[in-house]
Q: 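To start, I am sharing the structure in question, which I have written as structure tokens.
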Amino acid sequence: MKTSECDIVIVGVGGQGVILISDVLGRAAVKAGMPVRGAETHGMAQRGGSVINHIRLGCRFSPMVPTGGADVLLALEPAEALRFGHYLSRDGVAMINTDPVLPISVTMGKSVYPGLEDIVDPLSEVCKEVKTLDATSLARKAGTSQAMNVVMLGALSKYIPIKEELLLDALCDVVPKKHLDANKRAFQIGKAEVE
Amino acid sequence: MKEYLLGNVAIAKGLLEAGAGVVAGYPGTPSSEIIESLASLKGDLPIHVEWSVNEKVALEVAIGASWTGARAVATMKHVGLNVAADPFMTLAYLGVGGGIVVIIADDPFCHSSQNEQDTRRYAQFAAVPCLDPVDPGVAKEMVTYGFELSEKLNVPVMLRPTTRVSHARSDVETGHTAEIRRGSGFVKNPARRVSLPVHVRPLHVELLEKQKKIEEALALTPWNSLRLSGVHGVIASGISSLYAEEALIEMDLDLSFLKVGTFPAPSDMIRLIVEHASKVMIVEELEPVLEEQVERVARKYNPDLEILGKGSGHIPRFGELDQLYVRNAIASMEGQPARSGPILGEALKILPSRPPGLCPGCSHRATYYAMRKAFGRDAVFPSDIGCYTMAVPMGTVDTCLCMGASITLASGIRFGGEEKGICCSLGDSTFLHGGMTGLLNAAYNKARITVTILDNSTTAMTGHQPHPGTGFTATGKWSEPVSLEAIARALGAESVETVNPYDIDSAVDAFKRARDYPGLSVVIAKQACVITARRNGQKPQAFRVNDKCEGCRICVEFGCPAIEFEGEKARINNLCAGCGVCAWICPSSAIEVMK
Ligand code: SF4
Ligand code: SF4
């Protein structure tokens, strides 16, 4: 029997705003009267390490998405998409921001950052669909590269069982007023990108 | 009202709904957000909320408050209870006034900790009740219950969320703030408040006699439940019981199931499932606390019962569990195939690792650079617990044991016979927490070492909490900041110097003087954490690389994530925090401020 309506794993690098996305999703789920569970990365990894947040819509059980169970893997950074690719379910969708954040081992020249195809190809083999978008550039179009996470949220909105107006409502709850317009634009641009 | 809450925020709401009067703690992942959110949620309510100097202090403040009749709480991470173990163990004998709930957040898998000890063992050790929540909503409910039980049985009660409860989020039903339970005054009662041998002997007997009542009371709570069905069963506790419950539903298995949310676990329910079943699996994280209790009951009521768990190798005694792991363990008991996620195998080999590290512009990087220049790579560098522990690759973090141990380890290393330079380091918050006694000891016993206090005026690693050196309390009230320099002198250090680590030249010179000092020397490297500086509105200078760059890579070796190499030249990316240290390091003067 299914124990969750929709399982989402959001990954990225500490500081990219992963928590904001899961916060918006969770609040919107509560507005929709849906049970929701989530798990966040706090502490040491937030200092530029790999971070992963789980959100389970319509679920009353484990706060973490089981390995191989994610309906959507939302990656704010390409290498992190591959690192957490094992969360994807066979029928899942991976959505990847193509703009890399170079780890210190790469900036120091001790390792090489992989090409996008080396990330996308293996993921395509294990799930239904891989979508890539340059969310950082799209966010700049919306007015601020800081809203890259909200571009990704907009793209994600097409794949989850929560109405757009509730997501926007929840976005208003968490984003400071002065940044709200840019964030709403970012949301729409992200959504249009996957349509 | 339903709200989407972080586990620790749900616990803070629980404190309001239970009318807690005094709440004290020391920051530590995964516990820190309890006090942080309470400090902002409490508004004008007459609750005393404090960041204490360390966990022992926090628990003692809570005990004093309880002895006036207030409902009192101490919060900390699991290893914090090691520091607070002294008051904790004897408190169980002496008992409470107003209820005491001790909230200890465990960290299976050491997400952000130096070990993964299981605090349920401490509860057993002290013979006090332990509540083991499955999720944020239950954690919140357990707060009010904890106070009631504590007052009824005159014992402190432990609430033990784990990382996956404290840092989980879920829809939580929240209620109203209760009347705040402040105390009415200290009542003299030496027989229960003074731990003289003659007093504590009978109190120990009393505590042991209470154990039956504790177990009976806990058995009645809604967090223990039993379903008798198939002859195979699962017994699971805390968050593991959620994984097990989900697995049973998902696999549609008709097994008997005992869900445990309190310790000691309910022996009567254990007896029922043990008598009913021929085989059970015990699912719990870390120590076999539940498993041992089941074994004891089974020995008496069903010695033939097959018990799977840690003893049989089905469930590990380390790390954290997850739903898939628990599912597969139960599947193996039932002879069903295991399930796995997609195997990416070879493809993963191309991934560069991404460990957490110091922020761009972090002053610790500059301090360690200057320290290494003065002392040389061969010197011994004991270090401590904080953001700076992440600087292991710089070669200036040779040890990390527990809060404040840098100074005492350095002393021991010298007394043990090390002749090379010894320069230890610890943060300002860590120094105030557990370093001061070590410094006093080093001065008193004449340890020839250099102690570096990395003073960034915050408790950075755990999320930038204030401490006595910052000028602010947990609730944002002004409190005259203590001078680390004055403390160091008062503790007996004769050579004390304060430097700005961004001024690398002066910092290196200060470290050289400290190195050559014939006794105990102290260097205070003072510079705000870049994150708090940015929050306080400081605008960083922008730096860039000009065409004098010769591609020598010396700046890259400094290890700032804002310096990249493009082809043959360095480049500064948009992460730059403008500390200016790389500009100083560059031998070709190729890094300059952007005009
Ligand atoms: S949070 Fe502050 S102290 Fe910690 S690494 Fe970043 S700059 Fe350094
Ligand atoms: S000035 Fe140099 S060392 Fe400092 S943050 Fe910028 S790039 Fe890093």
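Letters A, B, ... are given to chains in the order of the sequence lines, protein chains preceding strands, and every chain is numbered from 1. These numbers were taken from a predicted model, which means no experiment stands behind them.
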Q: Using heavy-atom distances under 4.5 Å, tell me whether B:Glu346 contacts chain A through its side chain, its backbone, both, or neither.
A: neither
Q: Can you tell which part of B:Cys560 gets under 4.5 Å to a heavy atom of chain A, answering side chain, backbone, both or neither?
A: backbone
Q: Should B:Asp135 and A:Arg60 count as an ion pair when the cut-off is N to O under 4.0 Å?
A: no
Q: Please rank B:Ser112, B:Ser170, B:Ser32, B:Ser113 by heavy-atom pairs under 4.5 Å with chain A and give me the top one.
A: B:Ser170
Q: Are B:Ile563 and A:Thr107 close enough that some pair of their side-chain heavy atoms sits under 4.5 Å apart?
A: no
Q: Search all heavy atoms of B:Leu344 against all heavy atoms of A:Pro122 and return the closest pair with its distance.
A: CD2-O, 3.9 Å
Q: Quick check for you: among B:Glu557, B:Met390, B:Lys2, which has the greatest number of heavy-atom pairs under 4.5 Å with chain A?
A: B:Met390
Q: Below 4.5 Å, heavy atoms only, C-beta onward: do A:Pro63 and B:Ile239 meet side chain to side chain?
A: yes
Q: Does any heavy atom of chain B fall under 4.5 Å from the side chain of A:Ser105, the backbone, both, or neither of them?
A: side chain
Q: Taking NZ, NE, NH1 and NH2 as the nitrogens, is one of them in B:Glu246 or A:Arg56 under 4.0 Å from a carboxylate oxygen of the other?
A: yes
Q: Is any side-chain heavy atom of B:Met461 closer than 4.5 Å to one of A:Arg47?
A: yes
Q: Shorter than 4.5 Å, heavy atoms on both sides: which option in A:Lys110, A:Lys31, A:Glu80 has the most such pairs with chain B?
A: A:Glu80
Q: What's the separation between atom CD1 in B:Ile343 and atom CD in A:Glu125, rounded to the nearest 0.5 Å?
A: 13.5 Å
Q: Do A:Val112 and B:Ile350 pass the side-chain contact (heavy atoms from CB on, under 4.5 Å) test, and can you show the C-alpha distance, the side-chain angles, and the key distance before you say yes or no?
A: CA-CA 8 Å; A:Val112 204; B:Ile350 56 164; over 6 Å; no
Q: For residues B:Asp322 and A:Met64, determine if any side-chain heavy atom of one lies less than 4.5 Å from a side-chain heavy atom of the other.
A: yes
Q: Against chain A, label B:Pro355 side chain, backbone, both or neither, depending on which of its atoms sit under 4.5 Å from a heavy atom there.
A: backbone
Q: Are side-chain heavy atoms of B:Asn573 and A:Leu102 found at a separation under 4.5 Å?
A: no
Q: With heavy-atom distances below 4.5 Å as the criterion, would you say the side chains of B:Glu245 and A:Phe61 are in contact?
A: yes
Q: Sort out for me which of B:Asp252, B:Thr389, B:Leu6, B:Leu358 touches chain A most, counting heavy-atom pairs under 4.5 Å.
A: B:Leu6
Q: So which of A:Ser50, A:Gly48, A:Ser111 has the largest heavy-atom pair count under 4.5 angstrom toward chain B?
A: A:Ser50
Q: Could you have a look at A:His42, A:Lys2, A:Met34 and say which one has the most heavy-atom pairs with chain B under 4.5 angstrom?
A: A:His42
Q: Give me the one residue out of B:His167, B:Arg164, B:Arg169 that meets side chain to side chain donor-acceptor pair (under 3.5 Å) with A:Glu40.
A: B:Arg169
Q: Measure the spacing between CG of A:Leu82 and CG of B:Leu351 and express it to the nearest 0.5 Å.
A: 4.5 Å
Q: Is any NZ, NE, NH1 or NH2 atom of the basic residue among B:Arg354 and A:Glu77 found under 4.0 Å from an Asp or Glu carboxylate oxygen of the other?
A: yes
Q: Tell me, for A:Ile104 versus chain B, whether the close heavy atoms (under 4.5 Å) come from the side chain, the backbone, both or neither.
A: side chain
Q: Just so I understand: if I count every heavy-atom pair under 4.5 Å between each of A:Ala39, A:Gly26, A:Gly33 and chain B, which residue has the most?
A: A:Gly26
Q: Is it the side chain or the backbone of B:Leu248 that comes within 4.5 Å of chain A heavy atoms, both, or neither?
A: neither
Q: Only pairs of heavy atoms separated by less than 4.5 Å count here; which of A:Ser4, A:Ser89, A:Gly49 has the most with chain B?
A: A:Gly49
Q: Is it the backbone or the side chain of A:Asn53 that comes under 4.5 Å from a heavy atom of chain B, or both, or neither?
A: neither
Q: In terms of heavy-atom pairs under 4.5 Å, which option from A:Gly68, A:Ala29, A:Gly38 contacts chain B the most?
A: A:Gly38
Q: Quick check on B:Leu5 against chain A: is it the side chain, the backbone, both or neither that has a heavy atom closer than 4.5 Å?
A: neither
Q: Search all heavy atoms of A:Met108 against all heavy atoms of B:Val556 and return the closest pair with its distance.
A: CA-CG1, 3.3 Å
Q: Let me confirm one number: the CG-OG1 distance from B:Asn328 to A:Thr67, rounded to the nearest 0.5 Å.
A: 9.5 Å
Q: Taking everything shown except B:Phe558 itself, do over 12 heavy atoms lie less than 6.0 Å from its CZ?
A: yes
Q: Side chain, backbone, both or neither: which part of A:Val36 has an atom under 4.5 Å from a heavy atom of chain B?
A: both
Q: Might you point out which heavy atoms bring B:Arg553 and A:Gly109 nearest each other, and give the distance in Å?
A: NH2-CA, 3.7 Å
Q: Heavy-atom distance under 4.5 Å to chain B: side chain of A:Val51, backbone, both or neither?
A: neither
Q: With respect to chain A, which residue among B:Leu575, B:Val134, B:Val165, B:Leu324 yields the maximal number of heavy-atom pairs within a distance under 4.5 Å?
A: B:Leu324
Q: Would a distance-only check, ignoring hydrogens and angles, find a side-chain to backbone donor-acceptor pair under 3.5 Å from A:Arg83 to B:Pro352?
A: yes
Q: Any chance CD of A:Gln146 has more than 12 other-residue heavy atoms, nucleotides or ligands included, within less than 6.0 Å?
A: no
